[in-house]
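Each remark here refers to the structure printed beneath this line.
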Amino acid sequence: MSLFYANRIFALSCAASVIMYTATFANIVLLSLYLQYLRGLSPGNAGLVLMAQPAVMAVVSPWAGKLSDRIEPRVIASVGMAITSTGLYLLATMGAQTPLPVIVAYLMTTGLGFSLFSSPNANAIMGAVERRHYGIAGSSVATMRVLGQMASMGVVAMAFSLTLGAVQITPAVYPQLQWAVSLSLVIAATLCLPGIYLSLARGRLRAT
């Protein structure tokens with residue numbers, strides 16, 4: 001626990017990680033509900049659309065990690081979180097007539113932002129500690145991810161409780177479902193704003 005109190009870069013990087021996972025983890029669940037119920041896609045076709053986000057992440061994340069070895073991780077990670085917030089806000093605007101290629105573009109934007117954040121942020125966490133603390137830092141990365149994922153589902157549960165309540169999803173409640181999905185995504189996008197601040201405020205990892 002001393003690392004969280006004595007190491008500003010480590011602590012703020014971990015906090016930014018929690019916020020990012022809180023903002024992004026549940027969006028695949030939300031998009032799955034949207035695509036299958038509100039757009040009438042089969043589970044398989046919905047999955048193909050949703051692959052746009054992880055496909056971008058798989059391509060960009062290794063490059064972003066290498067880039068953060070040359071450019072301050074806080075800069076790249078902050079830009080990534082800003083792009084993620086933009087992508088989530090765009091997803092929140094989806095309606096029943098939004099073209100699927102547009103949705104794919106929004107997902108790719110979110111995936112690009114997450115990629116630019118995740119690898120550089122992990123680089124900052126690991127680079128901010130001494131070698132003897134690598135085990136603690138590595139486990140902290142995993143812990144922040146799980147905490148963020150739990151919080152993300154909590155945000156969605158709250159939004160759905162406020163808008164839908166304990167009802168079965170039928171065509172009669174599709175307007176409420178649309179509102180629940182949009183509300184969840186707006187909350188997620190807004191959460192990124194303090195995350196951007198924390199990411200920038202962590203300080204420089206490397207001396208000039």
Can you tell me how far the [atom1] atom of [X] sits from the [atom2] atom of [Y], to the nearest 0.5 Å?
X	Y	atom1	atom2	result
Y34	S184	OH	OG	14.5 Å
L185	T24	CG	OG1	11.5 Å
I19	Y197	CD1	OH	11.5 Å
L90	T110	CG	OG1	7.5 Å
Q176	L162	CD	CG	13.0 Å
K66	N123	NZ	CG	13.0 Å

Are the side chains of [X] and [Y] in touch, meaning some heavy atoms are under 4.5 Å apart?
X	Y	result
N45	L48	yes
F117	V79	no
N121	M81	no

Main-chain N/O of [Y] paired with [X] side-chain donor or acceptor, under 3.5 Å:
X	Y	result
T84	G80	yes
S119	P62	no
T190	V186	yes
S152	G148	no
R39	A96	yes
S139	G135	yes
S115	G111	yes
S17	S13	no
R74	L200	yes

Same cluster or not: [X] versus [Y], using hydrophobic residues (I, L, V, M, F, W, Y) connected whenever any side-chain heavy atoms lie under 4.5 Å apart?
X	Y	value
W63	I83	yes
M150	L30	no
V102	L31	yes
V146	L191	no
M51	F25	no

Carefully, step by step, assess F160 and L183 under the rule side-chain contact (heavy atoms from CB on, under 4.5 Å).
-> CA-CA 9 Å; F160 272 62; L183 177 61; over 6 Å; no

Check [X] against [Y] and note the closest heavy-atom contact, atom names and distance.
X	Y	result
P175	P171	CD-O, 4.2 Å
V49	L107	O-CD1, 3.5 Å
L193	S85	CD2-OG, 4.2 Å
Y21	F114	CE2-CZ, 3.6 Å
A26	M153	CB-SD, 3.7 Å
M94	S182	O-OG, 4.5 Å

Should the heavy atoms of other residues, nucleotides or ligands under 6.0 Å from CE of M158 be counted, would the total exceed 12?
->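 Check passes, neighbour count above 12.
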
Close aromatic pair by centroid cut-off 6.0 Å: Y89 and Y106 =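 So the answer is no for these two rings.
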
Step by step, work out the side-chain contact (heavy atoms from CB on, under 4.5 Å) result for L100 and L41.
-> CA-CA 11 Å; L100 289 180; L41 271 64; 4.3 Å; yes

